Amino acid sequence: MRVLLIEDDKNLSATIAEQLQKAGYILDCCYDGETALGYALNPEYGYDIVLLDRMLPIIDGMAVLKAMRQKNICTPVLIITGLGELDDKIVGFDCGADDYLVKPFHVKELFARIRALTRRPAEIVNKELLTVFDLTLNTEHRRLTCKGQSVILTQKEADLIAALMERPESTQSRSQLLWKVWGAGAEVEDGNVDNYIHFLRKRLRELGCKTSIKTVYGAGYRLEETP
């Protein structure tokens, strides 16, 4: 899983980063709001969760959060802050936060909050119909439809295209897709993702779709609509 950590206290940031990396998370760290905007608003990164401090240099955390939501970036955001009054929490939630954790906190609680917030992709995939660009996927029957034409996918093909359709504007790494489709404990290689991407591209060509799967070299895959 890919995490964006936005925290101006470099000692705290280093402590959190160390614990997350030990647990296998992929991490980017920012120490001010201006830099954070460049990461948070860039769909190429495809974060699974953002850990956001409220009090940041240059641009405050709430401005970063508002900018994300205005851009329709729905990545879960967990605010981590020393501002723990009820009114502070209400402001955070009203700006679009998904959860709120007051400093000081135990790392076990942080991990629990992250796990709770990142369960959402499975809930989205379980929706019966997903529609992105000119594609519609019936997840129950594994039927992919475009322009009135349909194909029946294998279960892994359906799970993979659903993961891409869930976040069509975001680049998702192979490790992210492996986690979502095969599960965290599965003993499979990154090449499995590449193989199934190849299968799905054939399916999209069969349907004559404008939607295609773009390879972002060094980063992963995302959906895009061609003219």
Side-chain angles (χ1 to χ4, degrees), residues 1-83 88 91-101 103 105 110-111 113-114 117-118 120-121 124 132-133 163-177 179-180 212-226:
M1 290 179 56
R2 193 174 182 91
V3 179
L4 176 60
L5 173 59
I6 307 169
E7 168 60 63
D8 67 326
D9 183 332
K10 292 188 178 182
N11 289 330
L12 177 59
S13 178
T15 299
I16 294 173
E18 181 182 12
Q19 295 298 320
L20 289 171
Q21 288 167 342
K22 282 182 179 178
Y25 292 90
I26 301 167
L27 206 68
D28 288 323
C29 297
C30 300
Y31 308 109
D32 64 77
E34 184 177 44
T35 304
L37 277 177
Y39 281 82
L41 301 185
N42 190 336
E44 298 286 342
Y45 292 115
Y47 295 108
D48 293 286
I49 189 168
V50 175
L51 309 181
L52 175 64
D53 187 15
R54 280 192 61 161
M55 307 296 289
L56 295 171
I58 307 177
I59 299 174
D60 69 79
M62 292 301 93
V64 174
L65 178 54
K66 288 178 182 178
M68 290 177 62
R69 298 315 187 216
Q70 287 169 357
K71 291 284 188 180
N72 295 317
I73 296 172
C74 299
T75 305
V77 174
L78 170 58
I79 293 177
I80 50 175
T81 179
L83 301 175
D88 296 321
V91 169
F93 287 122
D94 285 347
C95 287
D98 296 273
D99 202 355
Y100 202 101
L101 185 58
K103 303 173 186 176
F105 51 81
L110 175 63
F111 273 70
R113 303 272 186 132
I114 291 172
L117 289 174
T118 53
R120 291 183 175 182
I124 295 172
V132 171
F133 304 137
L164 292 169
M165 291 174 75
E166 168 212 331
R167 295 170 60 185
E169 303 294 339
S170 297
T171 299
Q172 301 187 63
S173 67
R174 289 180 179 85
S175 59
Q176 286 175 297
L177 294 170
W179 176 76
K180 291 179 179 180
S212 63
I213 302 173
K214 177 180 175 61
T215 300
V216 181
Y217 290 99
Y221 298 101
R222 74 164 184 263
L223 295 181
E224 68 174 11
E225 189 174 29
T226 55

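One-based numbering along the sequence shown. As the structure is a computational prediction, the values presented were derived from the model and not from experiment.
Side chains of Tyr47 and Asp28: a donor-acceptor N/O pair is present below 3.5 angstrom, by distance only.
Counting heavy atoms from C-beta on, the side chains of Met55 and Asp60 never come closer than 4.5 Å. A heavy-atom distance below 4.5 Å is not found between the side chains of Gln19 and Leu110. Inter-residue side-chain proximity for Leu101 and Leu51 is flagged as unmet; no heavy-atom pair is nearer than 4.5 Å.
Rounding to the nearest 0.5 Å gives a distance of 10.0 Å between CZ of Arg167 and CD1 of Ile73. Residue Thr171 holds its OG1 atom at 8.5 Å from NZ of Lys214, rounded to the nearest 0.5 Å. Interatomic distance, CG of Leu20 versus CD1 of Ile26, reported as 12.0 Å (0.5 Å rounding). With values rounded to the nearest 0.5 angstrom, Gln21 atom CD is found 5.5 Å from Leu27 atom CG. Note that OH of Tyr31 is 8.0 Å distant from CG of Leu5, once rounded to the nearest 0.5 Å. A distance of 11.5 Å separates CG in Leu164 from CZ in Arg222, rounded to the nearest 0.5 Å.
Just one residue in the list Ile49, Leu78, Ile114 forms a side chain to side chain contact (heavy atoms under 4.5 Å, CB included) with Asp99, and that residue is Leu78.
Of all the heavy atoms in Leu4 and Cys30, the pair that sits closest is CD1-SG, 3.9 Å.
Among pairs with a residue in residues 6-18, those fulfilling side chain to side chain donor-acceptor pair (under 3.5 Å) read Glu7-Lys103, at least two apart in sequence or across chains. Residue pairs meeting the salt bridge (charged side-chain N to carboxylate O under 4.0 Å, His left out) criterion with at least one partner in residues 62-75, sequence neighbours excluded, are Arg69-Asp98.
The side-chain contact (heavy atoms from CB on, under 4.5 Å) check on Ile59 picks up Glu34, Leu37, Ala63, Val64, with sequence neighbours excluded. Here Thr81 pairs with Asp53, Arg54, Ile79, Leu83, Tyr100 under the side-chain contact (heavy atoms from CB on, under 4.5 Å) rule; sequence neighbours left out. Checked against side-chain hydrogen bond (donor to acceptor under 3.5 Å, both in side chains), Asn42 has no partners two or more places apart in sequence or in another chain. For Ser173, the side-chain contact (heavy atoms from CB on, under 4.5 Å) partners at least two apart in sequence or on another chain are Ser175, Gln176.
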